[in-house]
Amino acid sequence: MLSMKKCLAGISLLVFALSAHATTWRVDPHGPLKTIAAASAKAVSGDVVEIVAGDYHGDVTTWTQSNLTIRAVGGRARLYADGRSAEGKAIWVIRAGNITIENIEFLEARVPDRNGAGIRLEAGNLTIRNCRFIDNEDGILTADNEHVTLRIENSEFDGNGDGSGQTHNLYVGKIARLTVVGSYFHRANVGHLLKSRAILNVITYNRLTDEAGGRASYELEFPNGGIALVVGNLIEQSSTTDNSNIISVGAEGLSNPNNVLYLSYNSIFDDRVPAGRYVDVRGTEQVFAYNNVLSGGGSWSLPADSIEGGNVEAKWSDFAMPMRQDYRPEKNAKWLNKVVAIPSDTLDPVLRAEGLSLVPREEYVHPMSHVPLKKAPAHPGAVQDVMP
C-alpha cells in the first residue's frame with residue numbers, strides 16, 4: 001500500500017501536470033477567436049478564458065468545464081443578450097464545478113418564460129467577482145441543488161426583474177451556501193433585491209438600497225429560513241415600494257434543517273409612508289440581533305424568544321444626508337459609542353471555526369467594494385465613519 005506521503009506527492013504532481021497544460025483562450029473580435037461561444041466550445045477543465053473588454057451582442061453559451069477562470073481583460077466585457085439565450089434560460093448557463101467569473105457585465109436577458117437570467121447556475125461552485133447584472137429578468141437565478149455554492153464579491157445588481165414580482169435582482173434556490181460580500185443591490189423591478197432559499201447565507205458588508213423611485217419589494221428575503229448571517233450591511237427601503245417589510249424570514253414556510261437569523265451591526269432605513277416592519281420573522285427557530293441602527297419609524301417586533309441588545313432607533317437628523325444615501329452618522333447622534341458586547345458563544349461553533357463573526361471586521365465602500373476596519377467598531381450600525 002502506498003504511504004500517505006507518496007499519495008500526496010502523486011496528487012501534487014498531477015495538479016502540477018494539469019496546470020502546466022492549461023491553455024489560455026483569448027476572445028477578441030479582431031483576433032482568431034472572435035466569440036465567447038467559440039471559446040466555450042474549445043476550453044477544457046483547468047483552462048483560462050480571457051475576453052477583451054468591449055461589447056458582445058447575442059454571444060450566449062453554456063459552460064460545462066470545471067476549474068475554469070473566465071475574465072475580461074483591459075476593462076469590463078459587456079454581454080448584451082439581444083433577444084438570444086443559452087438553452088432558453090440565460091446569457092450564460094453554468095453547469096460545472098469551480099468556476100470563477102470576473103469583470104463581466106450581463107445585460108437585458110429575456111426569455112419566453114420571463115425568467116431570463118444574466119447567469120443560470122445549475123451545478124458546481126461559482127464565484128462572481130467585480131461583475132454587474134443590469135436589466136435582466138433575473139440577475140442570477142440558481143437551481144435547487146444542495147451541492148451548489150455561490151459566492152458574490154464586489155458586484156452590482158441593478159434593475160433586474162420582469163415586473164411581475166416573481167423575478168429578482170438575485171434569486172437563489174435551495175443550494176448549500178450563498179456568500180455575498182462588498183456588493184451593491186438596488187432598484188429591482190418589483191421583485192426583491194436579494195431572495196435566497198439557501199441552507200446557509202452569509203451576507204456581509206453590502207449595500208442593499210432601493211433608493212428614490214425604487215419599486216423593489218423586500219430588500220432581503222429568506223422565504224424558507226435557513227441560517228442567515230447578516231452583518232454590517234446598509235439596507236434601505238424606498239418610499240415607493242408596495243411592500244411593508246424590509247427583511248423577511250420564513251414567509252413561505254420553513255423547509256431548511258436549521259433556521260437561525262443573526263442580525264448585527266446593520267443600518268436599516270425605512271423610507272416608506274406609512275412605515276412598515278424592519279424585520280418580519282415567521283417561525284424561525286432563533287433570532288439574535290445586536291447593535292443594529294433602525295431609522296424611519298418602522299416596527300421592530302422580533303419573536304418573543306429573540307436574544308438582542310444594543311439596537312437603537314435613530315432620527316433622520318442623525319445622518320449626513322440619508323435621502324441621498326449618505327448614511328454617515330452626525331457627531332452629535334446620541335447612540336454613538338453605545339455598542340453592547342456580543343457574547344462569544346452566540347454564533348454557531350461551526351461558523352466561528354470558519355472565521356466568521358457577528359462583530360464586523362470590514363466595511364462596505366461605495367460602489368462595489370469593502371475594506372478592513374482600522375479598529376473594532378465603536379458605534380451601532382454599518383457605518384463607522386462619523387461626520388466631522
Side-chain angles (χ1 to χ4, degrees), residues 60-63 68 70-72 76-81 85-111 113-145 147-162 166-203 206-208 216-223 368:
V60 302
T61 195
T62 298
W63 301 92
L68 197 67
I70 311 165
R71 61 184 177 227
R76 283 204 186 93
R78 294 177 294 274
L79 278 54
Y80 291 88
S85 64
E87 304 179 17
K89 298 175 180 178
I91 296 174
W92 284 0
V93 175
I94 305 295
R95 195 178 297 121
N98 301 325
I99 290 181
T100 298
I101 298 172
E102 300 176 339
N103 305 328
I104 296 174
E105 296 186 14
F106 298 84
L107 301 104
E108 302 173 4
R110 307 280 188 274
V111 300
D113 290 344
R114 297 185 67 181
N115 62 354
I119 290 176
R120 175 79 73 95
L121 173 59
E122 296 187 344
N125 305 308
L126 175 62
T127 297
I128 299 290
R129 187 176 293 126
N130 194 34
C131 292
R132 301 179 75 224
F133 296 83
I134 311 295
D135 191 26
N136 304 284
E137 289 173 325
D138 278 298
I140 297 176
L141 175 62
T142 84
D144 290 323
N145 182 338
H147 299 288
V148 164
T149 68
L150 172 60
R151 180 178 179 88
I152 298 169
E153 303 174 7
N154 300 353
S155 294
E156 180 180 5
F157 293 73
D158 179 15
N160 301 286
D162 74 333
Q166 304 301 309
T167 55
H168 312 283
N169 258 349
L170 174 64
Y171 193 177
V172 174
K174 191 172 183 178
I175 66 174
R177 178 173 184 146
L178 169 67
T179 301
V180 185
V181 59
S183 294
Y184 179 31
F185 293 76
H186 58 134
R187 297 184 301 195
N189 184 15
V190 181
H192 309 325
L193 295 186
L194 189 162
K195 179 172 184 171
S196 175
R197 304 180 192 273
I199 295 169
L200 171 61
N201 302 273
V202 179
I203 314 298
N206 302 286
R207 174 170 158 171
L208 302 106
S217 183
Y218 300 129
E219 275 52 61
L220 271 173
E221 188 191 18
F222 308 104
M368 298 168 52

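Along the sequence shown, residues are numbered consecutively beginning with 1. All values below were derived from every heavy atom in this structure, side-chain atoms included, with hydrogens, water molecules and symmetry-related copies excluded.
- Note on Glu105 versus Arg78: no salt bridge recorded, every NZ/NE/NH1/NH2 to OD/OE distance being 4.0 Å or above.
- Without hydrogens or angle criteria, Asn169 side chain to Phe185 main chain gives no donor-acceptor distance under 3.5 Å.
- Counting only heavy atoms from C-beta outward, the side chains of Leu150 and Leu178 approach each other to under 4.5 Å.
- The salt bridge (charged side-chain N to carboxylate O under 4.0 Å, His left out) pairs that include a residue from residues 170-181 are Glu146-Lys174, Arg177-Glu354, where partners are two or more places apart or lie in different chains.
- With a 4.5 Å cut-off on side-chain heavy atoms, Ile101 and Trp63 do not count as touching.
- Smallest separation of non-hydrogen atoms from Ile91 and Ala81: CG1-CB, 3.9 Å.
- Across all non-hydrogen atoms, the minimal contact from Gln166 to Tyr171 is O-CE1, 3.8 Å.
- Separating the CG atom in Asp113 from the OG1 atom in Thr167 is a distance of 12.0 Å, to the nearest 0.5 Å.
- Under the 3.5 Å distance criterion, the side-chain polar atoms of Asp138 are left unmatched by any main-chain donor or acceptor of Ala117.
- Here the closest heavy-atom approach between residue Leu193 and residue Leu208 is recorded as CD1-C, 3.6 Å.
- In this structure, Leu126 and Thr142 have side chains that are not in contact, with every pair of non-hydrogen atoms separated by 4.5 Å or more.
- Within the 4.5 Å cutoff, no side-chain heavy atoms of Leu194 are placed close to those of Asn201.
- Separation of atoms CD1 (Ile94) and CD1 (Ile99) is listed at 4.5 Å; rounding is to 0.5 Å.
- With contacts defined as side-chain heavy-atom distances shorter than 4.5 Å, the pair Ile152/Asn206 does not qualify.
- Under the 4.0 Å criterion applied to side-chain N and carboxylate O atoms, Arg110 and Asp135 are assigned as salt-bridge partners.
- Here Asn160 contributes atom CG and Leu107 contributes atom CG; the two are 9.0 Å apart, rounded to the nearest 0.5 Å.
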Would you sort out whether Asn125 and Thr149 count as a side-chain hydrogen bond (donor to acceptor under 3.5 Å, both in side chains), showing the intermediate values? CA-CA 5 Å; Asn125 305 308; Thr149 68; 2.8 Å; yes
One pair to check against side-chain contact (heavy atoms from CB on, under 4.5 Å): His186 and Arg207. What are the steps and the verdict? CA-CA 8 Å; His186 58 134; Arg207 174 170 158 171; over 6 Å; no
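- Taking CD from Glu108 and OH from Tyr80, the interatomic distance works out to 6.5 Å, rounded to the nearest 0.5 Å.
- The closest side-chain heavy-atom distance from Glu221 to His168 is not below 4.5 Å.
- Using a 4.0 Å cut-off between charged nitrogen and carboxylate oxygen, Arg114 and Glu137 do not count as a salt-bridge pair.
- Shown here for Ala123 and Leu121, the closest heavy-atom pair between the two residues is O-CD1, 3.5 Å.
- With salt bridges taken as basic N to acidic carboxylate O contacts below 4.0 Å, none links Arg120 and Glu87.
- If you take CG on Asn103 and CD1 on Ile70, they are separated by 12.5 Å, rounding to the nearest 0.5 Å.
- For the pair Ile119 and Phe133, the minimum side-chain heavy-atom distance is below 4.5 Å.
- With Thr179 contributing its side chain and Arg151 its backbone, the two residues share no donor-acceptor pair below 3.5 Å.
- Of all non-hydrogen atoms in Met368 and Cys131, the two that sit nearest each other are CE-O, 3.9 Å.
- For the residue pair Asn130 and Asn154, no side-chain donor N or O sits within less than 3.5 Å of a side-chain acceptor on the partner.
- Side chain of Thr127 to backbone of Thr100: no donor-acceptor contact under 3.5 angstrom is found.
- The distance from atom OG1 of Thr61 to atom CH2 of Trp92, rounded to the nearest 0.5 Å, is 8.5 Å.
- Here the shortest heavy-atom pairing between Gly118 and Ala90 reads O-CB, 4.2 Å.
- Arg129 places none of its side-chain heavy atoms less than 4.5 Å from the side chain of Arg71.
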